[in-house]
Number of protein chains: 2
Amino acid sequence: MVNAMIKNQISLSKNQKIVLDYIQKIKKPVKAYSILSGVKKSGINAPPQVYRALDKLIEKGKIHKIESQNSFIACNIGDCATPHAVAFSICNQCEIVTEINDQKLFKYLSDFKDKSGVNFKGYNLEFFGVCDSCKAI
Amino acid sequence: MVNAMIKNQISLSKNQKIVLDYIQKIKKPVKAYSILSGVKKSGINAPPQVYRALDKLIEKGKIHKIESQNSFIACNIGDCATPHAVAFSICNQCEIVTEINDQKLFKYLSDFKDKSGVNFKGYNLEFFGVCDSCKAI
DNA sequence: AAAATTACGTTATAATATAACATCAATATT
DNA sequence: AATATTGATGTTATATTATAACGTAATTTT
């Protein structure tokens, strides 16, 4: 159905909306149990409700998981077309995380082939260093 | 002291040796609690002993953490000179993990600058896909 | 409307990781 | 050589992160 097709691009369930709203509000990486605390007043009571929403939001490109922190952050590239090909910079001092949106980097990585010639569609890249603000201190 | 300088390059404590031996023997990524089970007979009894050894072994470039799996793997680039600048390929099917040793890739990543011109010394890159063996099936 | 899929709510528990503290060993410093 | 410092160990307890399992409800597809 056409309606469904249009809807599918953005359609989120009730809990998914609640969790996404919370993550977008925070603007920083948040941990699953912080999300749980933050959305308790919205009627979400238990970890599985949060983790299920997180899984779906990742699939739908709305959020990403920062693997080195076990935290979650809203996608800042609109509706992320490539939810499994992402790059971030992480400041070791203030722990601020910034999603990198660099077409040249993306192309380089998605074209990359290992020694046996295998090409990988997906990747997760996390840069570590000191951000500008922290350098200034 | 010269002796200490030479020794420092390779010196590992008792528990560090036990844990490293075990990880090297396995050749696949291993989880901390599997390590714990595997080294109980060597006299290591509790999680902190394992995690402390893991931390030091990472610092010393002997092993790496696969962040997306919370697992640990022996460095296959000898004594890794850059323990905080690593890349892996991970097969989604058999979960085999291979450390990538590609100077061009390393140079590209360590030269990378984000939009505000910040350069990051360290990075963790995990590629996801299907390995050759699994593709053949 | 029936069937299939997706989402929800709940309880319990598994898996991953660290805090805290006492002790011991190795190494620098005096 | 005695002392201070640092790094490592052993242990108990607990914090943090994540999922299994089950029944029910809502939504979508056929």
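All chains are named by letter (A, B, ...) in the order of the sequence lines, taking the proteins before the strands, and each is independently numbered beginning at 1.
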Whole angstrom value for the distance that separates P of C:dC8 from CD1 of A:Ile44: 8 Å
Between P of D:dA20 and CG of A:Asp55, the distance in whole Å: 10 Å
Short side-chain N/O contact from B:Lys31 to OP1 or OP2 of C:dA14, under 4.0 Å: no
Given DNA chain D, 5'-ward residue of the pair A:Pro48 and B:Asn45, judged by closest heavy atom: B:Asn45
Rounded distance in Å - NZ (B:Lys65) to P (C:dA15): 17 Å
C:dC8 phosphate, OP1 or OP2, under 4.0 Å from A:Gln49 side-chain N/O: no
Residue-phosphate contact under 4.0 Å: B:Lys17 side-chain N/O, D:dT9 OP1/OP2: no
For atom CG of A:Leu36 and atom C1' of C:dG9, their distance in whole Å: 13 Å
Shortest non-hydrogen contact between A:Gln16 and A:Lys60, atoms and distance: OE1-NZ, 2.9 Å
Donor-acceptor pair, side chain of B:Lys115 and main chain of A:Asn101, under 3.5 angstrom: yes
Which nucleotide in D:dT17, D:dA8, C:dC8 has an atom nearest any side-chain atom of B:Lys60: D:dA8
Whole angstrom value for the distance that separates C1' of D:dT17 from CD1 of A:Ile35: 12 Å
Below 4.0 Å: OP1/OP2 of D:dT9 and any side-chain N or O of B:Ser13: yes
Along DNA chain D (nearest heavy atom to each residue), the more 5'-positioned of B:Lys56 and B:Pro47: B:Lys56
Side-chain heavy-atom pair A:Lys121, A:Asn119 within 4.5 angstrom cut-off: yes
Between A:Phe88 and A:Phe127, ring centroids under 6.0 Å: no
Length of the line joining A:Lys40:NZ and C:dG9:C1', which is rounded to integer Å: 13 Å
Aromatic ring of B:Tyr33 stacked on base six-ring of C:dT16, 5.5 Å, 30°: yes
Between C1' of D:dA8 and OH of B:Tyr51, the distance in whole Å: 19 Å
A:Glu59 CD - C:dT5 P separation (whole Å): 16 Å
A:Ile100 vs A:Leu105 side-chain heavy atoms within contact, under 4.5 Å: yes
Phosphate OP1/OP2 of C:dA17: any B:Asn70 side-chain N/O under 4.0 Å: yes
Residue closer to the 5' end of DNA chain C, B:Arg52 versus A:Ala46 (nearest nucleotide): A:Ala46
